[in-house]
Amino acid sequence: MSCTVEYGEGVAYAGRTIVAAAGSRRRKLEVPGEAEFNGRGVAYCSTCDAPMFVGKDVAIVGGGNAALEAVLDLKTYARLVTLIVRGKILKGDPVTQEKVKQSGVKILFHSEVTRILSDKENKFVKGLNYKDNTNDTNHRLDVEGVFVEIGAVPNSEIFGDLVTKNRFGEVVIDHRTAATSREGIWAAGDITDAIF
């Protein structure tokens, strides 16, 4: 069997097999200020960036395991941590939920970020606006960091309909061999439906 991958205009690579390991990308809030202040107060990795927020007030957006683990990461460094959850419950595993509840973090349920705010020079995050969906009111929260922890999206668009994907867009693989639904194509890592 032979496989060909086209890359750009007129460039093609041929081989016997394809191993797709294109990873994933962080899901975005898609609100004003997010893209502008990415790396200047907006972050997507608490284990990477938490030490930069020593003594500062931060917000974490999300209600699943990634957000809950970010709370635990940031409690070590930040002065005050606020967790903003769009729904009415936390969705992470029970043990982590309990640790977060005991950590003293402020949790805003039924809330969603509507804008990320900056200082007068437009250089760094200085706050955010959020909407309380229980009473349809808008509020401001003064923070110097916003950690977006709402999941990831697999970079599987390159396959189109060539291989089977699940409802999340993850490439479905045989978890023993990493084979996809198409002969000659294997996939590995965050692009797949593998749990880890």
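For the numbers below, each heavy atom of this structure counts, side chains included, while hydrogens, waters and symmetry mates do not.
Of all non-hydrogen atoms in Val58 and Ala78, the two that sit nearest each other are CG2-CB, 3.8 Å. Here the shortest heavy-atom pairing between Val42 and Tyr44 reads CG1-OH, 3.7 Å. Shortest non-hydrogen contact noted between Ala187 and Val171 is CB-CG1, 4.1 Å. A pairwise comparison of heavy atoms in Asp73 and Ala50 identifies O-CB, 4.3 Å as the closest pair. Nearest heavy-atom pair across Pro154 and Ser24 is CA-CB, 3.8 Å. Between Asn155 and Ala22 the shortest heavy-atom distance is ND2-O, 2.9 Å.
Note: the hydrophobic cluster containing Val100 does not contain Val95 (ILVMFWY, side chain heavy atoms under 4.5 Å, direct or indirect links). In the hydrophobic clustering of this structure, Leu108 groups with Val148; members are Ile, Leu, Val, Met, Phe, Trp, Tyr whose side-chain heavy atoms approach within less than 4.5 Å, directly or through other members. Put simply, Val61 and Leu141 are part of the same group of oily side chains (I, L, V, M, F, W, Y) that touch within less than 4.5 Å, one to the next. There is no path of hydrophobic side-chain contacts, each under 4.5 Å, that joins Val31 to Phe147. Under a hydrophobic-cluster definition in which Ile, Leu, Val, Met, Phe, Trp and Tyr are linked whenever side-chain heavy atoms come within less than 4.5 Å, directly or via other members, Val143 and Leu74 are assigned to different clusters.
Once rounded to the nearest 0.5 Å, the distance linking CG of Leu117 with CZ of Arg140 reads 5.0 Å. The OG atom of Ser156 lies 11.5 Å from the CG atom of Leu162; values are rounded to the nearest 0.5 Å. Put simply, CD on Glu69 and CG on Asp93 are 7.0 Å apart, with the number rounded to the nearest 0.5 Å. The CG atom of Leu29 lies 10.5 Å from the OG1 atom of Thr114; values are rounded to the nearest 0.5 Å. The distance from the CD atom of Glu112 to the CG atom of Asp132 is 10.0 Å, given to the nearest 0.5 Å. Between Tyr77 atom OH and Met52 atom CE the span is 11.5 Å, to the nearest 0.5 Å.
Residues Asn138 and Asn129 have side chains not in contact (no heavy-atom distance under 4.5 Å, counting atoms from C-beta outward). In this structure, Leu90 and Leu68 have side chains that are in contact, with non-hydrogen atoms separated by less than 4.5 Å. At least one side-chain heavy atom of Phe159 sits less than 4.5 Å from a side-chain heavy atom of Ile191.
With Arg86 contributing its side chain and Gly63 its backbone, the two residues share no donor-acceptor pair below 3.5 Å. Using modelled atom types, one side-chain atom of Ser181 and one backbone atom of Thr164 make a donor-acceptor pair closer than 3.5 Å. Ser111 places a side-chain N or O within donor-acceptor distance of the main-chain N or O of Phe109, the cut-off being under 3.5 Å. Side chain of Arg115 to main chain of Pro32: no donor-acceptor pair is present (N/O by atom type, distance under 3.5 Å, no hydrogens or angles). With hydrogens and angles disregarded, no donor-acceptor distance shorter than 3.5 Å links the side chain of Glu98 to the backbone of Pro94.
Residue Glu121 qualifies as enclosed at atom CD: its count of foreign heavy atoms under 6.0 Å is above 12. Other residues, nucleotides and ligands place more than 12 heavy atoms under 6.0 Å from the NZ atom of Lys75. Within a 6.0 Å radius of NZ in Lys106, no more than 12 heavy atoms belonging to other residues, nucleotides or ligands are found.
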**OP:** Please step through side chain to side chain contact (heavy atoms under 4.5 Å, CB included) for the pair Ile60 and Val81, ending with a clear verdict.
**Re:** CA-CA 7 Å; Ile60 299 166; Val81 177; 3.7 Å; yes
Original post:
Going through the checks in order, is the side chain to side chain contact (heavy atoms under 4.5 Å, CB included) test met by Val71 and Ser103?
Top reply: CA-CA 9 Å; Val71 167; Ser103 74; 4.0 Å; yes
**OP:** Output, in order, the C-alpha distance, side-chain angles, deciding distance and verdict of side chain to side chain contact (heavy atoms under 4.5 Å, CB included) for Arg26 and Glu149.
**Re:** CA-CA 8 Å; Arg26 298 296 181 125; Glu149 296 286 356; 3.3 Å; yes
**OP:** Verify side chain to side chain contact (heavy atoms under 4.5 Å, CB included) between Ile18 and Arg182, making sure each step is shown before the conclusion.
**Re:** CA-CA 10 Å; Ile18 296 171; Arg182 181 68 61 128; over 6 Å; no
Subject >> Test log, rule salt bridge (charged side-chain N to carboxylate O under 4.0 Å, His left out), inputs Glu157 and Arg25 >> reply: CA-CA 12 Å; Glu157 297 89 348; Arg25 61 193 180 276; 2.7 Å; yes
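Under 3.5 Å, the side chains of Asp193 and His175 contain a donor-acceptor pair of N or O atoms. Judged purely by distance below 3.5 Å, without hydrogens or angles, the side chains of Asn166 and Glu170 pair a donor atom with an acceptor atom.
Annotation: cation-pi pair Lys126/Phe37 absent, no NZ/CZ under 6.0 Å from the ring centroid and within 45° of its normal.
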